[in-house]
Number of protein chains: 2
Amino acid sequence: METNPRILLVEDDKNLGYILSEYLAMKGFSVTWAKDGPEALTLLQKNPYSLCILDVMLPSMDGFSVAEQIAASTVQVPYIFLTAKNLKIDKLKGFKLGCDDYIVKPVDEEELVARIKAVLKRTDNTLQQDPQQLLSLGRSTFHFHTQVLHIAGTDHKLTSKESEVLMLLLNHKNSLLDRETALKKIWGSNDYFNRRSMDVIISRLRKHLSDDGHVKITNIHGRGYMLQES
Amino acid sequence: METNPRILLVEDDKNLGYILSEYLAMKGFSVTWAKDGPEALTLLQKNPYSLCILDVMLPSMDGFSVAEQIAASTVQVPYIFLTAKNLKIDKLKGFKLGCDDYIVKPVDEEELVARIKAVLKRTDNTLQQDPQQLLSLGRSTFHFHTQVLHIAGTDHKLTSKESEVLMLLLNHKNSLLDRETALKKIWGSNDYFNRRSMDVIISRLRKHLSDDGHVKITNIHGRGYMLQES
DNA sequence: TTTATCGCTTAACCAAAGGTTAAAAGTGTT
DNA sequence: AACACTTTTAACCTTTGGTTAAGCGATAAA
């Protein structure tokens with residue numbers, strides 16, 4: 001059941017892209033090579049990746065923008081920026097966007113691999129997305145990409161919105177998921193109707209989860225929700 | 001309200017050590033500065049740290065050895081290497097030893113902070129977003145983030161206002177919390193009605209805390225309140 | 001000791017937040 | 001265009017929690 005970490009490489013330069021994807025594949029990674037930003041985002045929606053390597057200089061949509069889109073979505077994937085520009089301001093911008101490392105070209109392949117591993121070491125067990133088993137105790141698992149919640153021997157097929165909310169709750173397991181944050185991430189804005197929609201989704205999730213006695217969603221009045229595992 | 005991430009800086013160079021510890025402290029970290037490896041290891045045994053910054057070139061025991069000792073011990077702390085040597089072989093050695101980042105001198109302080117945060121973001125999930133256990137003796141803990149006061153085996157769910165007041169009291173533990181200060185902080189202004197509201201909240205907090213014989217809120221006439229721990 | 005102020009507690013009130021269910025509107029598929 | 005399914009809107013009801021009110025006790029100054 002051991003699978004290779006899946007890496008999404010976003011690089012428009014044909015030569016560098018080829019070299020890197022070959023090298024990473026040789027080092028035991030499962031590499032997908034996207035040539036531009038939009039392609040990368042589509043792939044990220046459809047498939048799970050453990051890590052994303054983003055070239056900053058890309059045609060049409062630069063790496064920073066791609067990162068922003070990733071951060072704004074519910075898909076959580078660590079990313080490393082790759083760039084020829086050794087400008088401090090860009091570096092800081094990269095980190096501000098939440099990147100996990102920032103590497104300046106020319107790339108030393110061995111160092112790149114070492115840094116990828118360092119990031120994966122930290123993320124793999126804490127963050128989801130690539131491993132499929134998500135949910136908690138007893139007989140429950142949740143598979144984000146198929147949107148199937150498996151409890152006590154039965155499968156619950158969740159809707160997209162249900163899955164997104166559950167995913168966020170899982171990412172904040174046993175701690176508060178701020179209501180406003182969740183709304184901004186999933187619905188894009190925090191208004192009356194979206195709040196009510198979220199209430200409805202929560203209600204439905206509770207119904208699904210009711211078969212698992214070890215998990216429950218509690219409300220913290222005026223703040224948000226918490227998924228509690230016991 | 002939140003507590004600062006605790007950083008252990010291991011650096012023998014007096015100048016650099018001073019500059020970095022001052023800078024990091026200014027940036028909101030709680031910094032401890034160890035001058036050599038053995039000192040660092042002793043500190044790590046005795047105190048919790050969120051992250052360790054290791055200079056590679058140290059007297060008596062180099063940073064790599066310190067890292068090996070850390071990895072071999074039960075103490076798990078992420079570490080970043082700091083070195084003047086930009087040798088690829090050293091970098092790879094560092095990552096092989098499990099470091100989370102490897103920074104070459106001269107250090108850009110802003111980049112250092114960005115990289116520290118990037119590491120903490122991944123590793124310190126609990127200490128990072130959850131301000132930790134706060135309350136005092138016997139069996140009491142208070143978790144601000146989830147607003148739960150845990151006393152003698154039972155959970156008391158506090159309201160937002162109760163939590164805010166308790167938090168302020170805890171921040172002034174065993175010393176006076178000025179009434180006017182508290183009112184301005186929590187209610188925005190000190191008027192008759194807000195004072196009455198605060199009275200009610202204090203009363204409710206006392207009821208919650210009554211199960212813990214070692215903590216009580218006392219009034220200092222005309223001044224404010226004090227949370228006394230015994 | 002008197003008196004004015006300050007503090008404590010309980011209860012009541014009420015607006016806001018949340019829970020649930022159902023109907024309506026939106027979406028995609030055959 | 002009929003369908004199955006998802007999401008939003010609506011409606012109705014319950015819970016929550018901050019505030020206000022009122023009465024009494026405590027404290028300190030005169």
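Note that these values count all heavy atoms, side chains included, but never hydrogens, waters or copies made by symmetry. Since the model is a prediction, treat every value here as computed from it, not as a measurement. Below, read A as the first sequence line, B as the second, and so on, with proteins coming before strands; counting in each chain starts at 1.
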| Listed partners of D178(A) passing side-chain hydrogen bond (donor to acceptor under 3.5 Å, both in side chains), at least two apart | T181(A)
| said: For T218(B), give me all partners under side-chain hydrogen bond (donor to acceptor under 3.5 Å, both in side chains), at least two apart in sequence or on another chain. | reply: Q228(B)
| request: Could you list the residues that satisfy side-chain hydrogen bond (donor to acceptor under 3.5 Å, both in side chains) with E180(A), not counting sequence neighbours? | output: K184(A)
| task | Apply salt bridge (charged side-chain N to carboxylate O under 4.0 Å, His left out) to R6(B) and list each qualifying residue two or more places apart in sequence or on a separate chain. | result | none
| Of all residues at least two apart in sequence or in a different chain, which pass the side-chain hydrogen bond (donor to acceptor under 3.5 Å, both in side chains) check with N190(B)? | R195(B)
| task | Would you please name every residue forming a side chain to side chain contact (heavy atoms under 4.5 Å, CB included) with S210(B), sequence neighbours left out? | result | none
Could you run down the sub-3.5 Å N/O contacts of the protein with nucleotides 23-25 of chain D?
none

| remark: Contact span of DNA chain C against chain B, any nucleotide atom under 4.0 Å from a heavy atom, 5' to 3', runs dC6(C) to dA12(C)
| What is the nucleic acid contact for N219(B), judged by heavy atoms within less than 4.0 Å: base, sugar-phosphate only, or nothing? | sugar-phosphate
| task | Can you tell me which residue pairs pass the ring pair (Phe, Tyr, Trp, His ring centres under 6.0 Å) test with a partner in residues 159-199 of chain B, sequence neighbours excluded? | result | none
| side chain to side chain donor-acceptor pair (under 3.5 Å) pairs, two or more places apart, involving residues 11-21 of chain A | none
| said: Taking the axis from the first five pairs and the axis from the last five, what angle separates them in the helix from dT1(C)-dA30(D) to dT30(C)-dA1(D), rounded to 10 degrees? | reply: 30°
| Just checking, is any N or O donor in the side chain of S65(A) or D62(A) under 3.5 Å from an acceptor N or O on the other one? | yes
| said: Return a single string for nucleotides 7-19 of chain D, one symbol per nucleotide in 5' to 3' order, where B is base contact, S is sugar-phosphate-only contact and - is none, cutoff 4.0 angstrom on heavy atoms. | reply: BBBSB----SSBB
| request: Provide, to the nearest angstrom, the distance between the CG atom belonging to L205(A) and the P atom belonging to dT6(D). | output: 13 Å
| said: Looking at E162(A) and L158(A), would you say the former's side chain and the latter's main chain have a donor-acceptor pair under 3.5 Å? | reply: no
| task | Using the side chain to side chain donor-acceptor pair (under 3.5 Å) rule, pick out the option among D155(B), D212(B), T141(B) that qualifies with H150(B). | result | D155(B)
| query | Counting any heavy atom closer than 4.0 Å, what does R206(B) reach on the DNA or RNA strands: base, sugar-phosphate only, or nothing? | reply | sugar-phosphate
